[in-house]
2 protein chains.
Amino acid sequence: MKEEFYTSKGYKIKNEEVLSSSMEDYIEMIYRLSQESDEVRVSDLSSALNVQPPSTTKMIKRLAKENYVIYERYGCIKLTEKGRNIGSKLLERHRIIFEFLECLGVKENILEQTEIIEHAVNDEVLSKIDELTKFLKGCDKSLSP
Amino acid sequence: MKEEFYTSKGYKIKNEEVLSSSMEDYIEMIYRLSQESDEVRVSDLSSALNVQPPSTTKMIKRLAKENYVIYERYGCIKLTEKGRNIGSKLLERHRIIFEFLECLGVKENILEQTEIIEHAVNDEVLSKIDELTKFLKGCDKSLSP
DNA sequence: AAAACATGTTAGCCAAAGCTAACATTCTAA
DNA sequence: TTAGAATGTTAGCTTTGGCTAACATGTTTT
């Protein structure tokens, strides 16, 4: 099966990905905020993601329908088991990309670049990058003991 | 200025990027096809990108309005100077990411991953990755002479 | 307990980039 | 040279994920 080109949107459709980039952003952030306090509310999420509250409400409803979070109007947002599992993977993925970029010596907008790239890599690439980063850190050590 | 989180869409808006990912895909492909033949038509582009012709027509109109291509109804598609410059950069970016992934030992969907990642990296990251790949290729050589 | 403020929701708009169905143009071959 | 095939365009629909304005609910303060 020859590999073919698609437009960016084409890959998304083709891959029938369960989670869109935005959904990932919200879940990752809910997970992050849940670690700091167990009262995560719409306003927290909105300001953490620099988004207006109605956007958050809309997305939370969707995440609730698909069983990533439990939520009732005016209440607080809790991840389900499923949501928590994904959240921790997303955070780990974030960490791997961030450390890779650090290791590359990227200086500008490193958080932004992390946020953008993390949605782009699949599992295989992610694990190769993780290995590579570990390897490079080893090199550093042997270069500057 | 502290770095902040945004959703994926947020970064796109924030960066007021001139070229969307899709626009990049089309320009890159037109450039690629132009190298093979100088008669690039809507149908060529549509099938190369696995997109229906009306999508191509729509995008070409937009690219023409923004001066990346010259096009008239039922005619063939030519890149402008501006379009050509960008096209060659996009192809180079593609090459850098592809070689990096090869070098990492990525086996599955390497073209697809290239296509997705190339839209995610900024210039700084791209050049660091390029350097790294050269470095890694050097390592290979010294490991397997 | 009522007024004022803060927080959350609803409704409805927008742009991007796909799609299909229907129509228009151009090319080819009888 | 004209009919039919191939190619291209238009119109209009869909989804995603933002946004604002207006309204609803909850919380706090007097």
Side-chain angles (χ1 to χ4, degrees), chain A residues 4-30 33 37 39-66 68-69 71-78 115-116 119, chain B residues 4-30 33 37 39-66 68-69 71-78 115-116 119:
Chain A
E4 292 197 301
F5 282 90
Y6 289 84
T7 58
S8 309
K9 189 149 191 169
Y11 282 118
K12 278 178 205 157
I13 290 162
K14 181 187 161 220
N15 287 339
E16 54 180 64
E17 57 175 332
V18 186
L19 261 51
S20 67
S21 298
S22 287
M23 289 166 81
E24 288 185 348
D25 287 325
Y26 282 89
I27 294 176
E28 187 181 322
M29 188 55 82
I30 296 167
L33 295 174
S37 115
E39 291 273 287
V40 180
R41 329 199 106 268
V42 167
S43 59
D44 303 324
L45 202 44
S46 303
S47 58
L49 289 171
N50 281 285
V51 142
Q52 296 302 310
S55 305
T56 301
T57 299
K58 196 196 268 187
M59 183 57 90
I60 291 303
K61 277 184 179 173
R62 188 173 163 200
L63 293 177
K65 201 185 321 167
E66 300 183 27
Y68 297 104
V69 302
Y71 184 65
E72 51 187 32
R73 290 160 101 259
Y74 302 103
C76 62
I77 304 160
K78 295 236 179 283
E115 287 277 295
I116 295 174
H119 297 296
Chain B
E4 292 198 302
F5 282 90
Y6 289 83
T7 57
S8 309
K9 193 150 188 168
Y11 282 118
K12 277 177 206 157
I13 292 163
K14 182 187 161 220
N15 286 341
E16 56 180 63
E17 57 175 332
V18 186
L19 261 49
S20 67
S21 297
S22 286
M23 289 167 81
E24 289 186 348
D25 288 324
Y26 282 89
I27 293 176
E28 187 181 322
M29 188 56 82
I30 296 167
L33 294 174
S37 115
E39 289 274 287
V40 180
R41 328 198 108 268
V42 167
S43 58
D44 304 323
L45 202 43
S46 302
S47 57
L49 290 171
N50 281 285
V51 141
Q52 295 302 311
S55 306
T56 300
T57 299
K58 195 197 269 187
M59 183 58 91
I60 291 303
K61 277 183 179 173
R62 188 173 163 199
L63 293 178
K65 200 185 322 166
E66 301 183 27
Y68 296 104
V69 301
Y71 183 65
E72 52 187 33
R73 291 161 100 260
Y74 302 102
C76 63
I77 303 160
K78 295 237 178 284
E115 287 278 296
I116 295 174
H119 299 296

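Labels below follow one simple rule: chain letters A, B, ... track the order of the sequence lines, proteins then strands, and each chain is numbered from 1.
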Provide a list of protein-nucleic acid N or O atom pairs under 3.5 angstrom, restricted to nucleotides 6-9 of chain C.
{"unit_1": "C:dG8", "atom_1": "OP1", "unit_2": "A:Arg41", "atom_2": "NH1", "d": "2.9"}
{"unit_1": "C:dG8", "atom_1": "OP2", "unit_2": "A:Ser43", "atom_2": "N", "d": "2.8"}
{"unit_1": "C:dG8", "atom_1": "OP2", "unit_2": "A:Ser43", "atom_2": "OG", "d": "3.1"}
{"unit_1": "C:dG8", "atom_1": "O3'", "unit_2": "A:Tyr71", "atom_2": "OH", "d": "3.4"}
{"unit_1": "C:dT9", "atom_1": "OP1", "unit_2": "A:Tyr71", "atom_2": "OH", "d": "2.7"}
{"unit_1": "C:dT9", "atom_1": "OP1", "unit_2": "A:Tyr74", "atom_2": "N", "d": "3.1"}
{"unit_1": "C:dT9", "atom_1": "OP2", "unit_2": "A:Thr57", "atom_2": "OG1", "d": "2.8"}
{"unit_1": "C:dT9", "atom_1": "OP2", "unit_2": "A:Tyr71", "atom_2": "OH", "d": "3.2"}

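The side-chain heavy atoms of B:Glu115 and B:Asp25, taken from C-beta on, include a pair separated by under 4.5 Å. Here the side chains of A:Ile77 and A:Arg41 are not in contact, with every heavy-atom distance at 4.5 Å or above. A:Tyr26 places a side-chain heavy atom less than 4.5 Å from the side chain of A:Leu45. Side-chain contact check for A:Leu19 versus A:Tyr68: some heavy-atom pair is nearer than 4.5 Å.
In terms of phosphate contacts, A:Tyr26 brings a side-chain nitrogen or oxygen within less than 4.0 Å of OP1 or OP2 of D:dG18. For C:dG18, one of the phosphate oxygens OP1 or OP2 lies less than 4.0 angstrom from a side-chain nitrogen or oxygen of B:Ser22. Distances shorter than 4.0 Å separate none of the side-chain N or O atoms of A:Ser8 from OP1 or OP2 on C:dA17. OP1 or OP2 of C:dG18 lies within a sub-4.0 Å distance of a side-chain N or O belonging to A:Thr7.
Rounded to whole Å, atom C1' of C:dT20 lies 8 Å from atom CD of B:Gln52. Computed from coordinates, the B:Arg62 CZ to C:dA15 P distance equals 11 Å when rounded to whole Å. For A:Asp25 and D:dT16, the CG to P distance is 16 Å, given to the nearest whole Å. The separation between B:Ile77 atom CD1 and D:dG8 atom C1' is 11 Å, rounded to whole Å. Summarising the geometry, the separation between NZ on A:Lys58 and P on D:dG17 is reported as 9 Å, rounded to the nearest angstrom. If you take CE of A:Met59 and C1' of D:dC19, they are 14 Å apart, rounded to a whole angstrom. Separating the CG atom of B:Asn50 from the P atom of C:dC19 is a distance of 9 Å, rounded to the nearest angstrom. Rounded to an integer number of Å, the gap from A:Leu19 CG to D:dT16 P is 12 Å.
Under the rule for a ring pair (Phe, Tyr, Trp, His ring centres under 6.0 Å), B:Tyr71 has no partner lying at least two apart in sequence or in another chain. For A:Ala64, the side-chain contact (heavy atoms from CB on, under 4.5 Å) criterion is met by A:Val69, not counting sequence neighbours.
Atom CD1 of A:Ile27 and atom OG of A:Ser22 lie 11.0 Å apart (nearest 0.5 Å).
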Which atom pairs, one a donor and one an acceptor, fall under 3.5 Å between side chains of residues 51-62 of chain B and the rest of the protein, sequence neighbours left out?
{"unit_1": "B:Thr56", "atom_1": "OG1", "unit_2": "B:Ser46", "atom_2": "OG", "d": "2.9"}
{"unit_1": "B:Thr57", "atom_1": "OG1", "unit_2": "B:Pro53", "atom_2": "O", "d": "3.3"}

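When all heavy atoms of B:Leu63 and B:Met23 are compared, the pair lying nearest together is CD2-CE, 3.9 Å.
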Discussion item. Let's test your reading of the pairing rules: Watson-Crick or G-U wobble, both distances under 3.5 Å, then write DNA chain C as a dot-bracket string with ( ), [ ], | and dots.
Written reply: ||||||||||||||||||||||||||||||

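Looking at heavy-atom distances under 4.0 Å, A:Ser55 makes contact with a base.
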